[in-house]
Amino acid sequence: MLRYADRCAHEAVDEKGSAALEELRDLALVYLLAYSGARGGEILANPRDDRRNGLR
């Protein structure tokens, strides 16, 4: 998963340059979830669940 995210982000930077913010944000999120030990439900917000408001 990390290699795929790396490849996507690198390709986006090659194509878009500094405008590849979305892909780089996704890469940071993948690494955060992979290495932090946190679950997605602890980090990500869910608009349908009042208890899951994400990180602040």
Side-chain angles (χ1 to χ4, degrees):
M1 184 166 81
L2 295 175
R3 278 188 241 154
Y4 175 76
D6 278 336
R7 188 176 67 235
C8 289
H10 286 278
E11 289 174 1
V13 169
D14 288 342
E15 291 176 15
K16 299 179 184 178
S18 61
L21 295 177
E22 184 175 325
E23 291 84 355
L24 293 172
R25 180 205 62 208
D26 292 346
L27 178 64
L29 181 60
V30 167
Y31 270 86
L32 176 73
L33 290 174
Y35 289 116
S36 71
R39 298 175 307 168
E42 296 170 335
I43 295 173
L44 304 173
N46 183 348
R48 291 176 276 180
D49 187 350
D50 292 335
R51 295 178 300 161
R52 283 185 47 193
N53 54 8
L55 290 177
R56 295 184 183 232

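Pairs passing the ring-ring contact (aromatic ring centres under 6.0 Å, His included) check and including a residue from residues 15-51, sequence neighbours excluded, read Y31-Y35. Sequence neighbours left out, the pairs with a member in residues 16-30 that pass salt bridge (charged side-chain N to carboxylate O under 4.0 Å, His left out) are K16-E23.
Partners of D50 by side chain to side chain contact (heavy atoms under 4.5 Å, CB included), not counting sequence neighbours: none found. Qualifying side chain to side chain contact (heavy atoms under 4.5 Å, CB included) partners for A34, counting only residues two or more places apart in sequence or in other chains: L2.
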Under 3.5 Å, side-chain donor or acceptor atoms of residues 8-15 against the rest of the protein: list the pairs with distances, not counting sequence neighbours.
none

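Nearest heavy atom pair, residue A5 against residue V30, reads CB-CG1, 4.0 Å.
The cluster map of Ile, Leu, Val, Met, Phe, Trp and Tyr, joined by side-chain heavy atoms under 4.5 Å apart, puts M1 and L27 in the same cluster.
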